[in-house]
Participant: 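Questions regarding the structure given below will be posed in turn.
The structure presented is a predicted model; accordingly, all values stated were derived computationally and were not measured. Whatever order the structure lists them in is the order used to number ligands and atoms, beginning at 1. Because only heavy atoms are used, hydrogens play no part in the values below, and waters and symmetry mates are left out as well, while side chains stay in.
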Amino acid sequence: MITMDDIVREGNPILRKVAEPVELPLTDEDKQTLVDMLEFIKNSQDPEIAEKYGLRPGVGLAAPQIGISKRLFAIHATDENGNLYSMGIANPKVVSHSVETNELENGEGCLSVDRDVPGLVPRRARLTITGVDHEGNDVRMRLRGYIAIVFQHELDHLDGIMFYDRIEGLEDPFKKPLPGFAL
Ligand SMILES: OCN(O)CCCc1ccccc1
Ligand code: NI
């Protein structure tokens, strides 16, 4: 089972890589990765299991966070209407999105970030994504509200983007100092 020891923390370059698409149909290995990530997220939300194994609760997990630079992530989250999204997705693609943005009023966090980084994280209010789920089925989902935000947090991980990169006016804490002559 995946535990916090398997979760890569900020500073590890894998979190800044653009992850590779996976071959289709899904290999058994990639299916297992999605199943393992989904199991971790469910475990992290179970008070007993989370307590027993010291898991930090999360609603999503992207493969780069467990050291696998592939376009795979898993989500186990309930939206404002009580709809549960519990799935693994391979090669997710945003096929359309709103101009309108939305953000969680308390900002975001990340299992790969062991510190609080306050600030609003602007995200698309609505988006349509396609992909392949952990059972190999094609999926197409129109997302809005909380679940749209969760999906975008995970999608960003596949492109090497961390939530704090999107906080207005926050200098990227890991930006390399520019050579002397640059402003
Ligand atoms: O990448 C997953 N992760 O680090 C766990 C937290 C996910 C998450 C947290 C706040 C808002 C959206 C998504
Ligand atoms: Ni994250």
Participant: Before accepting this row, confirm whether a basic side-chain N of the pair Arg166/Glu103 lies closer than 4.0 Å to the acidic partner's carboxylate O.
Facilitator: no
Participant: Please list, in chain and residue-number order, the protein N/O/S atoms closer than 2.8 Å to the Ni ion (ligand 2).
Facilitator: Cys110 SG, His153 NE2, His157 NE2
Participant: So does Arg16 pair up with Asp165, basic N to acidic O under 4.0 Å?
Facilitator: yes
Participant: Show your working on side chain to side chain contact (heavy atoms under 4.5 Å, CB included) between Arg71 and Val22 and close with a plain yes or no.
Facilitator: CA-CA 6 Å; Arg71 303 189 80 78; Val22 296; 5.6 Å; no
Participant: Applying side chain to side chain donor-acceptor pair (under 3.5 Å), name anything that partners Ser86, two or more places apart in sequence or on another chain.
Facilitator: His76
Participant: With a cut-off of under 6.0 Å to the ring centre and 45° to the axis, is Arg123 in cation-pi contact with Phe163?
Facilitator: no
Participant: Check this for me: does any side-chain nitrogen of one of Lys17 and Asp159 sit under 4.0 Å from a carboxylate oxygen of the other?
Facilitator: no
Participant: Which protein residues have a heavy atom closer than 4.0 Å to any atom of ligand 1, listed by chain and number?
Facilitator: Val59, Gly60, Gln65, Leu104, Glu108, Gly109, Cys110, Leu111, Val150, His153, Glu154, His157
Participant: Sort and list the pairs that fulfil salt bridge (charged side-chain N to carboxylate O under 4.0 Å, His left out) and have at least one residue in residues 139-155, not counting sequence neighbours.
Facilitator: none
Participant: Please step through side-chain hydrogen bond (donor to acceptor under 3.5 Å, both in side chains) for the pair Ser112 and Gln65, ending with a clear verdict.
Facilitator: CA-CA 7 Å; Ser112 296; Gln65 293 182 277; 3.0 Å; yes
Participant: Evaluate the criterion side chain to side chain contact (heavy atoms under 4.5 Å, CB included) for residue pair Met162 and Asp156; output intermediate values, then yes/no.
Facilitator: CA-CA 7 Å; Met162 302 293 281; Asp156 270 354; over 6 Å; no
